[in-house]
Engineer: 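Got a structure for you, written out below as structure tokens; questions coming shortly.
Source: prediction; values computed, not measured. Count residues from 1 along the sequence.
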Amino acid sequence: MSALSDFFTQLGQDAQLMQAYQQDPEAVMRTHGLSDEEIAAVMSGDMGKLKSLSGEGDYQSYLVISHGNGE
């Protein structure tokens, strides 16, 4: 499983992590070791890139979790 898939699995299981992610998604992803490329894909919602980065077999629809845009 990729780091990206591992992170989102953990995010789905940890309410405190989800709360922190909702407040500052980029900082939380950096803290958990995601690459700049992975963070950019999540922030942009680029499903093709997310699928590629997470590995074809590991790809799950839960990978994109709304981070909001402050509006």
Engineer: Are any of the side-chain heavy atoms of M18 and Q13 separated by less than 4.5 Å?
Structural biologist: no
Engineer: Do any pairs count as a salt bridge (charged side-chain N to carboxylate O under 4.0 Å, His left out) and have a residue in residues 30-43, sequence neighbours left out, and if so which ones?
Structural biologist: R30-D36, E37-K49
Engineer: From Q22 CD over to L11 CG, what is the distance, rounded to the nearest 0.5 angstrom?
Structural biologist: 8.0 Å
Engineer: What's the spacing between F8 CZ and L4 CG if we round to 0.5 Å?
Structural biologist: 5.5 Å
Engineer: Check whether any side-chain heavy atom of V28 lies under 4.5 Å from a side-chain heavy atom of L34, and answer yes or no.
Structural biologist: no
Engineer: Which word best sums up how the rings of F7 and H32 line up, parallel for under 30°, tilted for 30 to 60°, or perpendicular for over 60°?
Structural biologist: tilted
Engineer: So, the side chain of T9 versus the backbone of S5: is there a donor-acceptor pair under 3.5 Å, distance only?
Structural biologist: yes
Engineer: Minimum heavy-atom separation for A41 and L53, please, with both atom names.
Structural biologist: CB-CD1, 3.8 Å
